[in-house]
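Comments concern the structure below.
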There are 4 protein chains.
Amino acid sequence: MPVLRDKYSTGTYRVLINKRSEMLEKLKNEVYKANIDLVKHGLVIFTWGNASGIDRDCGFFVIKPSGVDYDVMKPDDMVVCDLNGNVVEGKMKPSSDMPTHLYLYQYFKEIGGVVHTHSTYATSWAQAGKDIPNIGTTHADYFAKEIPCTRQMNENEVFGKYEEDTGKVIVERFEGLNPVEVPGVLVQNHGPFSWGKNVHDAVHNAVVMEQVAKMAAFSFSINPELKMNPLLIKKHYERKHGKNAYYGQ
Amino acid sequence: MPVLRDKYSTGTYRVLINKRSEMLEKLKNEVYKANIDLVKHGLVIFTWGNASGIDRDCGFFVIKPSGVDYDVMKPDDMVVCDLNGNVVEGKMKPSSDMPTHLYLYQYFKEIGGVVHTHSTYATSWAQAGKDIPNIGTTHADYFAKEIPCTRQMNENEVFGKYEEDTGKVIVERFEGLNPVEVPGVLVQNHGPFSWGKNVHDAVHNAVVMEQVAKMAAFSFSINPELKMNPLLIKKHYERKHGKNAYYGQ
Amino acid sequence: MPVLRDKYSTGTYRVLINKRSEMLEKLKNEVYKANIDLVKHGLVIFTWGNASGIDRDCGFFVIKPSGVDYDVMKPDDMVVCDLNGNVVEGKMKPSSDMPTHLYLYQYFKEIGGVVHTHSTYATSWAQAGKDIPNIGTTHADYFAKEIPCTRQMNENEVFGKYEEDTGKVIVERFEGLNPVEVPGVLVQNHGPFSWGKNVHDAVHNAVVMEQVAKMAAFSFSINPELKMNPLLIKKHYERKHGKNAYYGQ
Amino acid sequence: MPVLRDKYSTGTYRVLINKRSEMLEKLKNEVYKANIDLVKHGLVIFTWGNASGIDRDCGFFVIKPSGVDYDVMKPDDMVVCDLNGNVVEGKMKPSSDMPTHLYLYQYFKEIGGVVHTHSTYATSWAQAGKDIPNIGTTHADYFAKEIPCTRQMNENEVFGKYEEDTGKVIVERFEGLNPVEVPGVLVQNHGPFSWGKNVHDAVHNAVVMEQVAKMAAFSFSINPELKMNPLLIKKHYERKHGKNAYYGQ
């Protein structure tokens, strides 16, 4: 059983610490499983993806280690970070995209999990540099609007704090957008990030984005002049997520 | 073994009721299997699909519960409804698309099963808002004409009785079409519905629609000016379904 | 063990018949396996394909029964036909495409097996009504030229001896082409037929056609102005099939 | 246990030879596994691919035998060649593409493994005769530039030393390019070759090329006017491969 670092493991905080430790173990298992699920859903080959989950109470988030193969990875390899980006627990370096996850947790207060992949169709839209228009109820069941694509990053951003600034251009793109209603983004020339109320939910939305991206590509190929019925966007999003939602049990 | 609700379980109808109950158990198993088959055929991810079957003698139909994962779902979770849309048996809410299934059962008297999915290529044509032209014998083996796409729904329809009116626009689109000869439709900006003489048959036609949609997309991409031989449509449809059909044993 | 029909099973021919019977059992197993392989290679769903093999010595060919599911089919269900198209052995009706296979065996004397599928990409080219141009060494390793597409069939052909005349338009399209050097064809608005020195080889060529069709579709989508190097066609075909072939052991 | 040929197995070199023999056994296992991995990654059907690895110390390389099925192939079937292209050990003929591998080992001194496939999307770009532009970070994580496509080969090259000259046109195309920074190429109208520091790495790069080729095809289909941010190419390539690389453990 892992122990938290010294500054947390002495004094009167022991009981609290034990509880935290339990929660973190649970979160590490969830984050581990979410990373494995990315492979199962066909969103990731090699080490091209990472999932993280946050415990807002203790202010720590758990993320995949950098460049570790999914088939040898274990729950204990997950890395625990605090909201300053410091590693709090874990023997490995966190995913190189950790600062992007961190930035999203700092600015999107309602989210509990973040996923990044290079999944085929979502990445193709990101490389195309275009928002994925909301053209069907599959999309509208999860996203209240188009899936936005960020602007190109400039020299300072790319060669400065690149991963953190990737988070910054995402947040900038969400000016006027609600990240709960639009749980994902395309980073231009790179690939998709998605999020959700927890890491499992973020994986779910990553699968949705990939499928929606795929069907949008085929739809425009069949009919470049296609027209969406905007009423359906409102209807389907609210049927699942509105205050009078009636989908599911 | 489940029992029917009170109003059916007393009086002189007991023998009849036992027989009905047996038939419903059988139908629940068939509908359960059909829903699982949608996943096996790759037409459905998560909970994005539903299949139902009707017993025309007793006037009940059985449908998947709403938003339940396929891997935990059991035959007993299937929901039994009457032709007024009331739940007659089952602990869960029926699929939110239940009123569409109901409408189709009411207006297409010959059908015994209905399937709805968001399968990739059929949904792409639905999002493109275009009928799938009958351009090959694969299509003509099952559909005597193009696979029609419905018109866009208006505000009253979308924000009124949305699921029921989805059925209404389907039936409206079949003005002059025989649903037995054209066992499926694309609901614009949404996805495919298919049907058949029973729920197994409806699943079969859902697979056909997806494959036909896929090949039509590629065919037009290869040659936008392609020409179908209309003689083949008549020949192939009748070879399998006409009164002198000679395909199969 | 099955017996041949009466006219073959009496008289002085008994020894010969026993030998024939052994050869037919072997052929039935090969044809059965070939049909199953079509499913394994992803070329066939449901009952949309059929494979046959011929024993030129005894003048019989063995073919899949019509409309039988692959997962219940057994080697003994294979149907034996003579070169007049009569069923010589077997309890079931042969594939409805049997007369096309027969026609090909009659006119293409060198072939020992025939396969028909509705595989996705080859069928898409057939629906597009276009020859698949020979644009790469994968194609040239197996086909000395383009994969030809037949002309549209006329009313007499479609409503007369349709399956036989499907064979006729294939043979007509091979005017000036050597079926050994071009082991497959697209029947317009229908799908691919392939053949080979035996039924296993015909399945192999069906897989090649599907893969070649897929890559040709993508290649033209990437660059509609692409140019093949004709020298490579000659080189690759001869490297594998010429009199100085040096590919393989 | 196999023995090296006579001229190597006598005299004072026995100890050295034993050591070489051990290394070659290890290399044969690696090359065998790499060839099997090509199938697992979906890059190869039938016998359409080959992988090799070199031991620069002893000057031998190990390659797949020609035209042998992957499911019957064993590590001992691998063929050992010297840098004159002579078979040093092994009962079978080496892959017909052996002289291309040899040429690459001779001119690209830093590489330790070579892979050739006919994988679907990379081959489609090769057939299209176009470089794969570097339009995303997935590409830039592995290739510092576009993936180049060779020129068409002339009559002397095709009908002379074809496989060796395939290597020659590859090396010619790398005028001004560093094969370590660009670990793969498209041979026009043929298919991809990739390489790496060892055979495992070459397989890895073959998978990358196929995925990058796939996403590039879709990206240009979505937006033919797409623009890459060149800063990202430098950043991502150096993040993984530069002297201050910080990706991975």
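Only heavy atoms go into these numbers, but all of them, side chains included; no hydrogens, no water, no symmetry mates. Letters go in sequence order (proteins before strands), and every chain restarts at 1.
Atoms CG and CE, from B:L232 and C:M153 in turn, are 7.0 Å apart once rounded to the nearest 0.5 Å. Summarising the geometry, atom NZ belonging to B:K235 is positioned 12.0 Å from atom CD belonging to C:E155; distances are rounded to the nearest 0.5 Å.
A pairwise comparison of heavy atoms in C:W48 and B:T138 identifies CZ3-CG2, 3.5 Å as the closest pair. Scanning all heavy atoms of the two residues, the minimum distance from B:Q249 to C:M92 falls at OE1-CB, 3.2 Å.
Using a 4.5 Å cut-off between heavy atoms, C:T120 contacts chain B through both its backbone and its side chain. The contact between B:A216 and chain C is made entirely by backbone atoms, counting heavy-atom distances below 4.5 Å. For a residue to count as touching a neighbouring chain, one of its non-hydrogen atoms must lie under 4.5 Å from one of that chain's; by this rule C:K130 touches chain B with the side chain only.
Inter-residue side-chain proximity for B:K234 and C:V158 is flagged as unmet; no heavy-atom pair is nearer than 4.5 Å. Contact of the B:Q211 side chain with the C:F46 side chain is not registered, since no non-hydrogen atoms from C-beta on lie closer than 4.5 Å. Side-chain contact between C:T47 and B:Y247 is present, with at least one heavy-atom pair separated by less than 4.5 Å. Taking the side chain as every heavy atom from C-beta outward, C:Q127 and B:H139 never approach each other to under 4.5 Å.
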From CA spacing to verdict: side chain to side chain contact (heavy atoms under 4.5 Å, CB included), B:T137, C:H118: CA-CA 9 Å; B:T137 63; C:H118 288 211; 3.6 Å; yes

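Atom OH of B:Y70 has more than 12 neighbouring heavy atoms from other residues, nucleotides or ligands inside a 6.0 Å radius. Remark: C:K33 NZ is loosely packed, at most 12 non-hydrogen atoms of other residues, nucleotides or ligands lying under 6.0 Å away. When the shell of 6.0 Å around CZ of C:F174 is examined, it contains more than 12 heavy atoms from other residues, nucleotides or ligands.
Per-residue counts of heavy-atom pairs under 4.5 Å with chain C were compared for B:H41, B:K227, B:E238, B:E225; the largest is that of B:K227.
At a heavy-atom separation below 4.5 angstrom, chain C is approached by B:H204, B:V207, B:V208 within residues 182-208 of chain B.
With sequence neighbours left out, the side chain to side chain contact (heavy atoms under 4.5 Å, CB included) criterion links C:S124 to B:M215, B:F218, B:S219, B:I222.
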